[in-house]
Amino acid sequence: MEVAVGGRMAASILTLLLLSSWCLMVASGFRQRGIEREEEEEAHGLRGRFLLARARTVARTDAGEIRVVSRYRSKSEPCPMHIGFVQMEPNSLVVPQYIDANLVVFVHRGEVKVGWIHKDELVERKLRRGDVNVIPAGSTFYIVNTHRGDRSQMICSIDATQSMGPSSHQSFFIGGGMNPTSVLAGFDTNTLTAAFNVTAEELEGMMQSQRGGAIVYMSGESSERPDLNDNNDDSAWTKQKLVDYLLGKVDKNKAGIGEPVGALHAYNLYDNEPSYQNSFGWTTAIDEDDYSPLRSTGVGVYLVNLTAGSMLAPHMNPMATEYGVMLRGSGTIQVVFPNGSNAMNAEVSEGDVFWIPQYFPFCQIASTGAPMEFVGFTTSSRRNHPQFLIGASSVLRSMRGRELAAAFRISEERLERLVKAQRESVILPIRHHQQPEEDEEEEEVLKLKRGVFA
C-alpha cells in the first residue's frame, strides 16, 4: 500500500514538474515573441514601417568606415536585400577580400579605383560620381580612394541569398595581418612557405604587420599611424610580393604583356539619357539589357530626381521589391496596403533608407523647399514595367469606360473628366485643382449665358 501511495505521489510530483516546465516554456516563448515584436517596432519606429533602421557599423578605422542597413527577415523573404555604405578617407584602401554576396556599387561622392578578379585576371576601373559597377560574389576585390583631398562615398546593394550565416554577408580577407586576419593565416607555416616559395622570416613579416583594420592608408600607414621613419625595404618588398601573388599580378614587361586586361565598363546614371523626363524631374532605370553585369546579380538600379514641389505619381512595381536611399533634399513617402488603408506616410531626408514591397502602391513627394533625389535597387534585373495609377499614361486613363465607371458608381462622362484632368505623366506637379482646357471653355460659356440672362 505504501509503495502504491509513494508511486502516486512520485507521479504527481513528476506531473507538476512537467507542467511547471511547460508553463515556463510558454512564458519564455511569449516573452521572446514580445521582445521580437518590440525590436521590430523599434526598428520601424513611429516614422513608418517601410523605413529601415539606422545603419550598423561593421568596420571603422581612421581611414574610413563601412555601415550596413538590414531589413528584418520574414518567412516570405528569408534573405532580404541589404544596403551598404562605404566611406573612405583620401588615399585609403579597402583591404583585398571576397564576400559571399553580390555587390552592386553606386558611387555617390568622390572618385575610387576598384580592382577585382574577372575570368582569372585582375581588372581595374576608375569610378566617379554616378558610376554603377558590379562585383560578383566570390570575386576578390579591393577599393582605393585615389583622391588625395576628398572623401569618397559609395552605396551598394548586398544580395545575401548565398550568404552562409545570419548576417548580411561574410568577408574573407585575403590581405591582412593581425587585424584584419587574412584567411591565409589558417594554414600552417610549412604550407605557406612552400606555396609562396619564401622563408619563414619573410612570411612572418608580412602576415603579422597589418593591424589597421579593414580600411587602411595606401601610404603604408595603418589606422594607428605607425612611425613614418620605419623604412624596412625587405618588409615593403614582401608586402608587394604578397599582393602580386594574391591578385594575379605579374611583371608585364617580363611577361610581354602590353595593355591592361580588358574588362566590363561601369554604367554612369548621370551621363546617359533619362528613362523619362519632363519639367518636373527625371528618372533613370537600368536593367540587364542596359548593363549586362546586372544579369548575374538579379538586381536592377534606378535614380530619381524630383524638382521642388513635385511627385513621382502613385504607382506599383509588379516585378520586384524596391529599396531606396535618399541622396539629397527631403520629402514624403506614402505607401498603401492592399486593403486600401494607409501603410505609411513618412517624412524622409538625406541618408534615410526605405523599401517598398512588390505590388504595394506608393508615391514619393518632394518638399517645396528643394529638389529631392534618391537612388535605389530592385530585386529583379529584368526590364521593369511600373504601373502608374494616376496621370496621362496611367492604368485609370487606359481603362476608362463603362466598366470602370460602374466600379466607381459614377457616370462615364464624369469619369472621363476626372481621369483626363491631369495632363502630365509619371512625374506630376503638386498644386491645387486645375480645370482642364475643356472645362475652362465650358465655364466661359456659362459666364456668357449669365451675362445675357442677367
Side-chain angles (χ1 to χ4, degrees), residues 81 83 104-108 127-134 155-157 264-329 331 333-335 348 353-366 371-398 422-430:
M81 182 185 293
I83 305 298
V104 179
V105 180
F106 169 79
V107 180
H108 178 32
L127 306 180
R128 56 190 175 86
R129 177 178 176 265
D131 276 345
V132 174
N133 196 75
V134 171
I155 301 170
C156 57
S157 70
L264 299 168
H265 293 274
Y267 189 105
N268 193 281
L269 296 180
Y270 292 108
D271 288 351
N272 288 274
E273 287 294 322
S275 305
Y276 181 85
Q277 184 173 20
N278 63 14
S279 301
F280 309 104
W282 53 265
T283 175
T284 292
I286 62 172
D287 54 48
E288 60 189 33
D289 293 328
D290 303 306
Y291 186 46
S292 60
L294 292 175
R295 182 172 288 108
S296 63
T297 69
V299 173
V301 187
Y302 67 89
L303 179 66
V304 177
N305 184 292
L306 304 176
T307 61
S310 64
M311 76 156 79
L312 190 61
H315 63 288
M316 65 89 173
N317 189 335
M319 300 288 292
T321 295
E322 295 188 19
Y323 294 78
V325 180
M326 288 288 295
L327 299 181
R328 63 189 180 101
I333 297 178
Q334 296 182 12
V335 187
V348 291
V353 182
F354 60 89
W355 71 285
I356 311 294
Q358 184 178 1
Y359 304 118
F360 276 45
F362 67 103
C363 70
Q364 291 100 339
I365 306 169
M372 173 178 170
E373 186 171 88
F374 51 93
V375 69
F377 308 92
T378 64
T379 57
S380 173
S381 61
R382 293 182 295 169
R383 182 62 50 89
N384 184 28
H385 298 280
Q387 301 292 298
F388 286 89
L389 307 178
I390 303 173
S393 58
S394 65
V395 171
L396 290 182
R397 179 73 72 94
S398 299
Q422 179 56 260
R423 283 167 271 172
E424 298 291 344
S425 300
V426 182
I427 303 177
L428 313 177
I430 300 294

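Nothing here was measured: the structure is a model prediction, and the numbers come from that model. The first residue in the sequence is number 1, and the count goes up from there.
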For the side chain of [X] and the backbone of [Y], is there at least one donor-acceptor N/O pair under 3.5 Å apart?
X	Y	answer
E322	W355	no
N268	R129	yes
S398	S394	yes
Y291	H265	yes
S275	A285	yes

Using side-chain heavy atoms (C-beta onward) and a distance below 4.5 Å, is [X] in contact with [Y]?
X	Y	answer
R328	P371	yes
I427	L306	yes
Q277	V426	no
D287	L294	no
V375	Y302	no
M372	M326	yes
N317	T378	yes
T284	Y276	no

Checklist entry - Passes side chain to side chain contact (heavy atoms under 4.5 Å, CB included), C156 versus V105? Steps please. => result CA-CA 4 Å; C156 57; V105 180; 4.1 Å; yes

Item to check | Minimal non-hydrogen separation, F377 against M81, with atom names | outcome: CB-SD, 3.7 Å

Item to check | Aromatic ring pairing W282/Y270, orientation class (parallel under 30°, perpendicular over 60°, tilted between) | outcome: perpendicular

Checklist entry - Which of parallel (below 30°), tilted (30 to 60°) and perpendicular (above 60°) describes F374 and F354? => result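 Ring orientation of F374 relative to F354: perpendicular.
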
Checklist entry - With a cut-off of 6.0 Å (strictly less than), are more than 12 heavy atoms of other residues, nucleotides or ligands near CZ of R382? => result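 No - once you tally the heavy atoms of other residues, nucleotides and ligands closer than 6.0 Å, there are 12 at most.
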
Next on the checklist: For V132 and V104: C-alpha separation, side-chain torsions, deciding distance, then whether side chain to side chain contact (heavy atoms under 4.5 Å, CB included) applies.
Outcome noted: CA-CA 7 Å; V132 174; V104 179; 3.8 Å; yes

Next on the checklist: If only side-chain N and O atoms count, and only distance matters, is there a donor-acceptor pair under 3.5 Å linking N305 with E373?
Outcome noted: yes

How far does [atom1] of [X] sit from [atom2] of [Y], to the nearest 0.5 angstrom?
X	Y	atom1	atom2	value
L127	Y267	CG	OH	15.5 Å
Q422	L428	CD	CG	4.5 Å
D131	L269	CG	CG	8.5 Å
C363	Q334	SG	CD	4.5 Å
S380	M319	OG	CE	4.5 Å
N272	D290	CG	CG	8.5 Å

Atom pairs and distances, donor-acceptor, side-chain atoms in residues 384-393, under 3.5 Å, two or more places apart:
from: Q387; atom 1: NE2; to: H385; atom 2: O; distance (Å): 3.1
from: S393; atom 1: OG; to: S425; atom 2: OG; distance (Å): 3.4

Checklist entry - Could you walk me through whether T283 and L303 pass the side chain to side chain contact (heavy atoms under 4.5 Å, CB included) check? => result CA-CA 6 Å; T283 175; L303 179 66; over 6 Å; no

Item to check | Option among I430, L312, T307 that satisfies the side chain to side chain contact (heavy atoms under 4.5 Å, CB included) test with F280 | outcome: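 Only match with F280 under side chain to side chain contact (heavy atoms under 4.5 Å, CB included): T307.
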
Checklist entry - How far apart are the C-alpha atoms of F106 and L327, what are their side-chain angles, what is the distance that settles it, and do they pass the side chain to side chain contact (heavy atoms under 4.5 Å, CB included) test? => result CA-CA 12 Å; F106 169 79; L327 299 181; 4.1 Å; yes

